[in-house]
Amino acid sequence: SPTRPKQTIQAALEPVLNALLRPVRAGLMSPEELLQLVTERLHSLREEAPNFKVAFVECNFEQMETCCRQLEQALGVEVQPVLLDEAQRDRNRLRPFALIVTTFFHFRQVKALTTKRQKVVPTLSTPSRKALEAMASLPPNARLGVICRDKVSLPTIVQQVHHLSGIKPTLAAWLGDRKGVRRVLRECDAIVFMPPCRSRVLALAPEGKTLIEFEHEIDPTSLEEVRRVFASL
């Protein structure tokens, strides 16, 4: 059962694992040979499994990358990022997907774009605890800057940073605005940046600046629900 606790499953597997290790303990095969054998069988199992297509729908790319990686690790399949605007412009955009994951905020909009045969699972996507703690530690008089990848997402990200930090950002820029990015890095004490901007920010930021990566994650409870629905397909 998909709802069975992992600890119970692991306990039930102990006798099987012990039996699997006997040839290694007896010197009949090396640990590397056993690992290779198990890895090959797992790859075969994945190829035999039905190829259910999965999409993650959000309103901007900034919050999608980490969430897609989480979903891929949890499900063992590729997860396609789809912008909500794209799906609304072309109703066939979501048709190939058996499972569509989105956030609670966009659940109604996404549900309206799908058929009854498609599963839509809403999730709670939140900034990482590390990012929240870093923003909460900023002094109230800090000059705060924001850098994100695309111009469309910038107002939303600025609003989120203001709400979560309690500090209104002084400056904001997107990667295509090179002068704006340099100004944010030069004039602000602390810079909140989205994951796609990491390499640019780290390369250009002067020493002594407080850099906060504003990464988003799907909460564990939501991730378990996605696993449960995926297993039922």
Could you check if a side-chain atom of [X] sits within less than 4.5 angstrom of a side-chain atom of [Y], using non-hydrogen atoms only?
| X | Y | answer |
| --- | --- | --- |
| Met64 | Leu83 | yes |
| Leu99 | Val226 | yes |
| Leu71 | Leu223 | yes |
| Phe230 | Val121 | no |
| Glu72 | Val79 | yes |

Could you work out, with side chain to side chain donor-acceptor pair (under 3.5 Å) as the rule, every residue matching [X], not counting sequence neighbours?
| X | answer |
| --- | --- |
| Asp219 | Ser222 |
| Asn92 | Arg95 |
| Gln36 | Glu40 |
| Arg25 | none |

- Quick one: does Ser125's side chain have a donor or acceptor within less than 3.5 Å of a partner on Ile218's backbone? no
- Counting distance only, does the side-chain N/O of Asp90 pair as donor-acceptor with the main-chain N or O of Glu86 below 3.5 Å? no
Below 3.5 Å, can you tabulate the donor-acceptor pairs from side chains in residues 193-201 to any protein atom, sequence neighbours excluded?
| from | atom 1 | to | atom 2 | distance (Å) |
| --- | --- | --- | --- | --- |
| Arg198 | NE | Glu213 | OE1 | 3.3 |
| Arg198 | NE | Glu213 | OE2 | 3.1 |
| Arg198 | NH2 | Glu213 | OE2 | 2.3 |

- Query: Val57: which other cluster members, linking ILVMFWY side chains closer than 4.5 Å, directly or transitively?
  - Reply: Val82, Leu84, Leu94, Phe97, Ile100, Phe107, Val110, Leu113, Val120
- Query: What's in the same ILVMFWY side-chain cluster as Leu28, cut-off under 4.5 Å, chained through other members?
  - Reply: none
- Message: Does this structure show an ion pair linking Arg227 with Glu224, if we count only N-O contacts that are shorter than 4.0 Å?
- Response: yes
- Query: Tell me the side chain to side chain donor-acceptor pair (under 3.5 Å) pairs involving residues 159-181, sequence neighbours left out?
  - Reply: Gln63-Gln160
- Task: Could you tell me which residues satisfy side-chain contact (heavy atoms from CB on, under 4.5 Å) with Ala134, sequence neighbours excluded, listed by chain and number?
- Result: Ile212
- Tell me, please, which residues at least two apart from Arg69 pass salt bridge (charged side-chain N to carboxylate O under 4.0 Å, His left out). Glu215
- Message: Suppose we screen for salt bridge (charged side-chain N to carboxylate O under 4.0 Å, His left out). Which residues come up paired with Glu225, at least two apart in sequence or across chains?
- Response: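 Scan of Glu225 (salt bridge (charged side-chain N to carboxylate O under 4.0 Å, His left out), adjacent residues dropped) gives Arg228.
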- Report the C-alpha separation of Lys53 and Gln80 in whole Å, then their side-chain angles, then the decisive distance to 0.1 Å, and conclude whether the side chain to side chain contact (heavy atoms under 4.5 Å, CB included) test is met. CA-CA 8 Å; Lys53 292 190 175 181; Gln80 180 71 41; over 6 Å; no
- Message: Starting from Leu124, can I reach Val101 by hopping between I/L/V/M/F/W/Y residues whose side chains sit under 4.5 Å apart?
- Response: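 Not linked; separate clusters.
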- Query: Leu20, Leu37: one ILVMFWY side-chain cluster at the under-4.5 Å cut-off?
  - Reply: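 No, it is not one cluster - the side chains of Leu20 and Leu37 are not joined through contacts under 4.5 Å.
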Could you give the side-chain donor-acceptor pairs of residues 183-191 under 3.5 Å, partners two or more places apart or in another chain?
| from | atom 1 | to | atom 2 | distance (Å) |
| --- | --- | --- | --- | --- |
| Arg183 | NE | Glu187 | OE1 | 3.3 |
| Arg183 | NE | Glu187 | OE2 | 3.2 |
| Asp189 | OD2 | Arg143 | N | 2.9 |

- Is it the case that more than 12 heavy atoms not belonging to Lys111 sit under 6.0 Å from its NZ atom? yes
